[in-house]
K.L.:
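What follows is a single structure, and I will ask about it in a moment.
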Amino acid sequence: QVQLVESGGGLVQAGGSLRLSCEASGRTLNNYAMGWFRQPPGKEREFVAAISWGGASTAYADSVRDRYIISRDNAKNTVYLQLNSLKPEDTAVYYCAASPLNRPTSVVGAYRYWGQGTQVTVSS
């Protein structure tokens with residue numbers, strides 16, 4: 001079992017930045033691709049970004065490409081999501097997830113473990 005705990009969310013003005021963290025316990029993350037998803041109010045959960053086991057490969061949703069950066073520190077069992085140039089439409093609960101696949105994927109069903117989420121609110 002892998003337990004994932006997100007942190008770093010909060011209220012920020014448009015144009016601002018946040019850094020989300022996802023810390024794992026129970027098992028090392030070395031053998032898991034990691035992803036970030038988000039669920040805006042009243043909408044379905046959507047893919048944001050993902051990173052492979054070793055961090056060499058990443059994938060991003062078009063809506064966040066060039067604004068968000070996903071990274072990981074396997075020694076700390078932690079995955080990060082840097083959110084830059086935030087927009088009100090980025091407001092959502094952000095979730096991290098772990099997949100046994102050795103490649104970044106946007107497919108929700110590929111992820112085996114999920115965190116509880118952290119709220120990001122961007123004011124205009």
Side-chain angles (χ1 to χ4, degrees):
Q1 286 284 345
V2 175
Q3 291 79 43
L4 302 173
V5 179
E6 302 95 337
S7 62
L11 175 63
V12 63
Q13 288 188 332
S17 298
L18 284 173
R19 189 193 196 199
L20 307 184
S21 299
C22 173
E23 185 172 0
S25 60
R27 189 175 292 181
T28 178
L29 287 182
N30 289 12
N31 296 325
Y32 291 89
M34 298 298 296
W36 284 94
F37 292 76
R38 67 186 183 186
Q39 187 164 14
K43 297 184 179 181
E44 297 291 318
R45 190 170 300 190
E46 61 186 27
F47 170 73
V48 174
I51 188 167
S52 61
W53 291 2
S57 298
T58 58
Y60 294 92
D62 289 342
S63 60
V64 305
R65 196 183 310 278
D66 298 328
R67 297 190 298 123
Y68 289 11
I69 301 171
I70 189 171
S71 61
R72 65 190 299 163
D73 185 339
N74 287 343
K76 295 183 178 180
N77 239 18
T78 301
V79 179
Y80 304 97
L81 186 67
Q82 178 68 39
L83 288 62
N84 300 317
S85 303
L86 283 162
K87 306 174 182 180
E89 53 263 42
D90 294 319
T91 294
V93 177
Y94 283 70
Y95 300 89
C96 71
S99 168
L101 296 179
N102 183 22
R103 57 180 172 81
T105 176
S106 62
V107 178
V108 171
Y111 290 85
R112 183 174 298 174
Y113 303 106
W114 292 82
Q116 294 299 306
T118 185
Q119 177 71 46
V120 172
T121 303
V122 185
S123 63
S124 57

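Values below: all heavy atoms of this structure, side chains included; hydrogens, waters and symmetry mates excluded. A quick note: this is a predicted structure, and the numbers were derived from the prediction, not measured. Counting begins at 1 with the first residue of the sequence.
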K.L.:
Restricting to salt bridge (Lys or Arg N to Asp or Glu O under 4.0 Å), what partner residues turn up for Asp62, sequence neighbours left out?
P.N.:
Arg65
K.L.:
Would you find more than 12 non-hydrogen atoms of other residues, nucleotides or ligands less than 6.0 Å from Gln116 atom CD?
P.N.:
no
K.L.:
Kindly give the cluster partners of Leu81, where membership spreads through any ILVMFWY side chain lying under 4.5 Å from a current member.
P.N.:
Val2, Leu4, Val12, Leu18, Leu20, Leu29, Tyr32, Met34, Trp36, Val48, Ile51, Tyr60, Val64, Tyr68, Ile69, Ile70, Val79, Leu83, Leu86, Tyr94, Tyr113, Val120, Val122
K.L.:
Can you tell me how far the CD atom of Glu6 sits from the SG atom of Cys22, to the nearest 0.5 Å?
P.N.:
5.5 Å
K.L.:
So which atom in Ser52 and which in Arg72 form the shortest heavy-atom distance, rounded to 0.1 Å?
P.N.:
O-NH1, 2.7 Å
K.L.:
Would you mind reporting whether Gln1 and Gln3 have side-chain heavy atoms less than 4.5 Å apart?
P.N.:
yes
K.L.:
If we only count heavy atoms from C-beta on, is the Leu11 to Gln119 side-chain gap below 4.5 Å?
P.N.:
no
K.L.:
For residues Ser99 and Ala110, report the shortest heavy-atom separation together with the two atoms involved.
P.N.:
OG-O, 2.8 Å
K.L.:
What are the two closest non-hydrogen atoms of Ala33 and Tyr111, and how far apart are they?
P.N.:
O-CE2, 4.3 Å
K.L.:
Look up atom CG in Asn30 and atom CG in Asn77, then write down how far apart they are to the nearest 0.5 Å.
P.N.:
7.0 Å
K.L.:
Can you pull out every ring-ring contact (aromatic ring centres under 6.0 Å, His included) where at least one residue sits in residues 39-59? Sequence neighbours excluded, please.
P.N.:
Phe37-Phe47
K.L.:
I'd like to check the side-chain hydrogen bond (donor to acceptor under 3.5 Å, both in side chains) partners of Asn84; sequence neighbours left out, ordered by chain and number.
P.N.:
Ser17, Gln82
K.L.:
What pairs of residues pass the salt bridge (charged side-chain N to carboxylate O under 4.0 Å, His left out) test when at least one of them lies in residues 19-34, not counting sequence neighbours?
P.N.:
none
K.L.:
Nearest 0.5 angstrom please: Ser124 OG to Gln13 CD, how far?
P.N.:
9.5 Å
K.L.:
Please list, chain by chain and in numerical order, all residues satisfying side chain to side chain contact (heavy atoms under 4.5 Å, CB included) with Ser63, sequence neighbours excluded.
P.N.:
Arg38, Ala61
